[in-house]
Number of protein chains: 2
Amino acid sequence: MIMEGGAASSLARTGTVPRSREIYDALRQKIVSGEWPAGHRLPSEHELARQFGCARMTIGKALGALAEQRLVTRRRRAGTTVNMPRPQESVLEIHDIEAELLAAGIPYAYESLARHVRRATARDAGALGVPPGTPVLSLTGLHRAAGRAHALEERLINLRAVPEARAERFTAISPGRWLLQRIPWTEAEHQIGALNADADIARWLAIRRNCACLAIERNTWRDTQRITHVRVIYPGDQHRLVARFRYRPL
Amino acid sequence: MIMEGGAASSLARTGTVPRSREIYDALRQKIVSGEWPAGHRLPSEHELARQFGCARMTIGKALGALAEQRLVTRRRRAGTTVNMPRPQESVLEIHDIEAELLAAGIPYAYESLARHVRRATARDAGALGVPPGTPVLSLTGLHRAAGRAHALEERLINLRAVPEARAERFTAISPGRWLLQRIPWTEAEHQIGALNADADIARWLAIRRNCACLAIERNTWRDTQRITHVRVIYPGDQHRLVARFRYRPL
DNA sequence: AATTATAATATGCCTAGACATATTGCGGAA
DNA sequence: TTCCGCAATATGTCTAGGCATATTATAATT
């Protein structure tokens with residue numbers, strides 16, 4: 001009664017694709033093709049297990065993946081129903097600037113423009129989310145791609161959370177890279193907005209004053225402790241964030 | 001030998017939290033606390049199953065979730081190792097404007113500014129990704145929040161893919177909403193950039209000319225067919241995209 | 001007719017065991 | 001010493017079956 005598990009399925013199947021994935025794909029096709037419209041109720045797990053000739057848990061895995069994709073809603077007793085009008089949401093990956101450029105084969109360099117250790121001002125405290133007076137490291141730097149200014153970075157590091165940053169000069173290594181290699185973060189929040197370049201920004205990025213720029217702010221936590229706050233400013237007409245919705249693999 | 005499955009665990013556990021989730025949390029804590037640093041190899045599934053007193057599949061579920069979070073890497077024979085310096089990526093959800101405003105309790109209205117049916121120009125063809133000459137519906141409209149201009153929308157709809165859009169006037173219902181309720185999409189791509197408001201944009205959004213604006217472009221596919229291309233322009237100083245990294249529930 | 005108790009149903013989660021597969025380490029042969 | 005084949009190991013996936021729980025439908029009662 002247990003024996004034919006893996007053997008039977010590997011014989012019956014194409015070979016390397018998991019059975020639950022095949023079932024997931026088959027059900028997904030029914031949904032996106034419109035054969036099962038929004039509101040349609042799927043057969044029960046027992047029934048699907050019978051139809052596909054597999055254990056109920058295998059069906060459960062496939063249906064669970066569909067639910068994670070928000071393609072269906074599952075409720076006990078009520079069953080699984082198609083959830084078709086998918087909410088307009090997408091997955092945006094915000095990468096490390098350096099890794100991004102290196103992946104594209106573009107020479108990268110970080111240039112430090114300013115470095116100060118101070119007790120958090122009211123403004124620092126608000127941005128970083130720490131009490132005023134907390135020791136912070138303020139860094140300003142320029143990301144260069146192929147020699148040209150690519151992005152301006154303004155960063156605050158909570159020295160209570162990362163005391164070893166006090167000794168680091170950050171003359172050539174980018175603080176983002178440095179932090180990423182040392183401090184594991186557990187939560188992050190991004191805010192993306194647009195702003196007009198002021199005189200400083202225009203000078204560093206070598207763009208016209210008032211030019212529209214893309215600003216990405218990131219706050220990073222390690223559990224409940226604030227690690228760093230960073231604002232990266234890109235010339236708006238030269239840089240775009242691209243997000244492609246992808247189906248998560250099962 | 002099968003009997004005590006659910007019973008034993010539900011007796012031993014707090015009650016409603018799945019055992020695999022408890023194990024996931026316990027292991028995650030070891031990692032984010034630094035007790036298990038990057039590169040550390042976790043005990044094998046068999047060993048963990050022994051330690052936690054559960055079946056190997058339950059451990060596999062927890063480890064699989066950690067792997068999905070990129071907290072660990074799993075390789076056969078090599079085992080599971082901590083992957084700590086997490087790549088800087090985040091999840092950005094780009095919602096339907098109307099739903100977003102209504103969720104915040106802000107009155108919403110859509111106002112049509114222009115509507116044309118035409119054969120795709122070279123520019124249309126490039127934006128929508130269809131051959132020139134394909135019939136398209138061009139729509140321009142304004143999203144109003146609490147009466148004030150909130151965003152300007154420029155949209156192209158592929159009438160080959162959505163012929164029924166030809167009969168719809170879109171005077172009050174937003175085309176995004178309309179499409180979402182009818183056409184299931186399977187793939188989407190977003191591009192986020194910044195631009196300076198030209199005269200038209202400034203007039204409609206009631207902002208100064210040259211003001212930095214956030215522009216979100218979205219291309220939508222149904223399988224391989226292009227459905228629609230839309231560009232939504234927000235006043236940059238009034239609107240921000242917020243993305244919070246969240247741990248996906250197990 | 002309205003309300004309440006009860007039974008049926010579908011999912012949620014788990015166990016114990018099995019086969020499959022990739023990878024690593026080791027011993028023997030060239 | 002280097003290279004190749006074999007065995008050990010850890011994960012990947014599946015099966016068959018079970019208890020738990022939420023929800024709905026139905027029957028009983030007021």
query: B:G60 or A:T58: which one's nearest nucleotide on DNA chain D is closer to the 5' end?
result: B:G60

- prompt: Counting only side-chain N and O atoms of B:S20, is one of them less than 4.0 Å from OP1 or OP2 of C:dC14?
  reply: yes

- line: A:L66 CG to C:dT11 C1', in whole Å, measures 15 Å

- line: Rounded to whole Å, the CZ-C1' distance (A:R19 to C:dT21) equals 19 Å

Pair of N/O donor and acceptor under 3.5 Å linking C:dG12 base with A:R77 side chain: no

- request: For A:R50 and D:dT15, give me the distance from atom CZ to atom C1', rounded to whole Å.
  value: 18 Å

- request: Ignoring hydrogens and angles, tell me if any N or O in the side chain of B:T228 forms a donor-acceptor pair with the backbone of B:L156 under 3.5 Å.
  value: yes

message: Classify B:R75 by what it touches in the nucleic acid, base, sugar-phosphate, or nothing, heavy-atom distance under 4.0 Å.
response: sugar-phosphate

query: Taking atom CZ of A:F170 and atom CD1 of A:I157, what is their separation to the nearest 0.5 Å?
result: 4.5 Å

message: Tell me whether the side-chain N or O atoms of B:R56 pair up with the base of D:dG12 as donor and acceptor below 3.5 Å, since no angle test is needed here.
response: yes

- prompt: Atom CG of B:L42 and atom P of D:dA10: how far apart are they, to the nearest Å?
  reply: 13 Å

- request: Report yes or no: is there a donor-acceptor pair, N or O only, under 3.5 Å between the side chain of A:R76 and the base of D:dT23?
  value: no

- prompt: For the pair made of CD in A:E47 and C1' in C:dT11, what is the distance, rounded to whole Å?
  reply: 16 Å

query: For A:R41 and C:dA10, what is the distance between atoms CZ and P respectively, to the nearest whole Å?
result: 6 Å

query: Can any side-chain N or O of A:R56 pair as donor or acceptor with the backbone N or O of A:E45 at less than 3.5 Å?
result: no

- line: Only residue of B:T80, B:I59, B:T58 satisfying side-chain contact (heavy atoms from CB on, under 4.5 Å) with B:L48 is B:I59

task: Using atom CD1 of A:I23 as one end and atom C1' of D:dT13 as the other, report the distance to the nearest whole Å.
output: 12 Å

- line: Note: for B:H46 and B:M57 on DNA chain D, the residue whose nearest nucleotide lies more 5' is B:H46

N-O pairing of B:R218 and B:E153 below 4.0 Å: no

- request: For B:E68 and D:dT11, give me the distance from atom CD to atom P, rounded to whole Å.
  value: 17 Å

